[in-house]
Amino acid sequence: MSKKQSNTRRAVMDALLKLASNDPAISVVCADSLKSMRAGEFAEKYPDRLFDVGICEQNAVDFGAGLAASGLKPYVATYAGFLTMRACEQMRTFVAYPKLNVKFIGANGGIYGGEREGVTHQFFEDLGIVRSIPGITVVVPADGREVYQATKALAQIDGPAYLRVGSDREPFIFEDEIDFELGKIRVMRDYGDDVVVFATGSILYRALKAVDMLYEEEGIKAKVVEVHTLKPLDEKNITSILRKTGAAVTVEDHNIIGGLGSAISETSTSNYPVPIVRIGLQDIFPESGEAEQLLDKYNMAITDIKDGVKKAIALK
Amino acid sequence: MDNEAIQIKEIANKLRLDVVRMVHLAGDGHPGPALSIADIVATLYYKVMNIDPKNPDWSERDRLILSKGHACPIIYAALARKGYFSTKILPSLRKLGSILQGHPDMIKTPGIDMTSGSLGNGISIASGMVAASRVTGYDYNVYVITGDGELQEGVVWEAAMSAAHFNLGKLIVFVDNNGFQSGGAIKDINSTIIPVLEKWKAFGWHCQEIDGHNINQILAAIEKAKAETKQPSVIVAKTIKGKGLPFMENDNSWHKRTPTEDELNMAIKVFGGVANE
């Protein structure tokens, strides 16, 4: 795997630096998050377009709404939970409702992203929250290379969006340049039609490992499909895969309520009901710890995914 | 009062009657909080603000955010009489399909610069608008009208800090200091916000206190605020909730209450309007 590409948080800023060089409206709002969001270089190059309002997320989101209402294209960048929980209403009422072109960058997505900080800085409700607000595009890239492409793709749409990133310590999944099509699923493995594993975010690497192992060790023929855009969801292509496999597993570093598992379940129920096993945080609060150990302990181990795949097949 | 002030006062009272009529027809709304800001609203829209009703999205226009969004009928009346849309639309307030929502909606209503209604957020959003002008190069002022009870919201003080830190001199905030909030008198609910002006002084703002029903004082305060280019400005306007109607003044039951036919007729008498307008 290449290590040259910047990791998730830095990749957002790499993309924004590139975008800002061609578009004088690109701007960044921080809530004392300039360092943690790797925005130092942006601040140096474009000091007039970097606004650090201090430790006040509601103000940061409102401020971003004001910038957008007056012609700028702001990216409000801070920790995922402080945005989506503390400033949730500002995101909803003053950005999403008036359809303002504010992009939100939420860091520390998942327990992997928050790891040693503990529950206060581990955010596993953000996707459920933003998904339930009308009109916000929700994107969860899997590594730095995809974050870079996703940031550039989101810049092309005029309206609110939420981009989830992690700790900056995620493993790389994609090699070299990749394409990124907003709102479209990405088929990563296709061993056959026994079952499909939908995954979102950096935990995709575990889904890939689990499915590779199941094929090599037990001959189970599964697909792995990355769902980087949770909203709008690629319902057409997801449904067509569900028709082929007749069972599904969802894998996400998020509470099993509200995120990818819910999104796939909702679309399946409406379009083609199949048994679905949801792998993720089992609606409990985690703790501090090393990132990989945390995923292992809280039901997101590779063995959990393998068991989930077998269970889904058995339910067919 | 000079002629200009008399004219603005006449407009303000016309808008007041519009509000009473609209809320009567809607069967729901907030007349008291709308009447207390009528003189400020009339002064801003009819004398001060650099705006063009034919081009509501004009990039260089002055902007106004009604942070106390529940008082919006007075803004709708001002916009309609200014020519942003027909006065015939005013009776549709709060009705299904109307462009006049229960609280301001910048997408539905021409001339509304920002969606509002959830209290406390106007100053913060206005800060962003002023900050944007430094990047775009457009020269405009951003006005905010906030309630005094609304100052209990924490985000107000988040914005107070950052706006002063960023030296947003083009930001001019009116505090509608009528002493009441939804549930009663401010002094009885959360009195620490009183005295109001001292709080803003402590946060580094350019501060003035005026009679919010005296047009000349409103005009003079705006001139002083505009002359201050570094500090953001706050104008604490002493007002009377329900100003203009003896049965409504300082009676907080009119925070949200529907005027009856008789009460509408009383308003018509007081403000000198016609019954079927």
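Predicted model, so just to flag it, every value in this text is computed and none were measured. Quick note on labels: first sequence line is chain A, next is B, and so on, each numbered from 1.
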B:Lys82 atom NZ, over 12 foreign heavy atoms within 6.0 Å = yes
Heavy atoms of B:Glu158 and A:Glu57 approach each other most closely as OE1-N, 4.2 Å
Distance from B:Met161 atom CE to A:Asn59 atom CG, nearest 0.5 Å?
-> 8.0 Å
Decide if atom NE2 of B:His165 counts as having more than 12 heavy atoms of other residues, nucleotides or ligands within a radius under 6.0 Å.
-> no
Taking everything shown except A:Arg92 itself, do over 12 heavy atoms lie less than 6.0 Å from its CZ?
-> no
Counting heavy atoms not belonging to B:Lys256, are there more than 12 under 6.0 Å from its NZ?
-> yes
When heavy-atom pairs shorter than 4.5 Å are enumerated against chain B, which of A:Asp52, A:Asp62, A:Leu72, A:Val61 gives the highest number?
-> A:Asp62
Of all the residues in residues 107-136 of chain B, which have a heavy atom that comes within less than 4.5 Å of a heavy atom in chain A?
-> B:Ile107, B:Met114, B:Thr115, B:Ser116, B:Ser118, B:Asn121, B:Ser124, B:Ile125, B:Ser127, B:Gly128, B:Met129, B:Ala131, B:Ala132, B:Val135, B:Thr136
Please say whether more than 12 non-hydrogen atoms of neighbouring residues, nucleotides or ligands are located less than 6.0 Å from CZ in B:Arg94.
-> yes
Which one of A:Ala68, A:Cys56, A:Gly54 has the most heavy-atom pairs closer than 4.5 Å to chain B?
-> A:Cys56
Separation between OG of A:Ser70 and CZ of B:Arg61, rounded to the nearest 0.5 Å = 7.0 Å
Sort A:Glu89 into side chain, backbone, both or neither according to what part of it lies under 4.5 angstrom from a heavy atom of chain B.
-> side chain
Highest number of heavy-atom pairs under 4.5 Å with chain A: which of B:Ala163, B:Ser162, B:Gly154, B:Ser59?
-> B:Ser162
More than 12 foreign heavy atoms under 6.0 Å from NZ of A:Lys231: is that the case here?
-> yes
So which part of A:Pro98 gets closer than 4.5 Å to some heavy atom of chain B, the side chain, the backbone, both or neither?
-> both
Tell me, for A:Ile55 versus chain B, whether the close heavy atoms (under 4.5 Å) come from the side chain, the backbone, both or neither.
-> neither
Going by the angle between their ring planes, with limits at 30° and 60°, are A:Phe63 and B:Phe166 parallel, tilted or perpendicular?
-> tilted
Taking everything shown except B:Lys95 itself, do over 12 heavy atoms lie less than 6.0 Å from its NZ?
-> yes
Under 4.5 Å from a heavy atom of chain A, the part of B:Tyr138 involved | neither
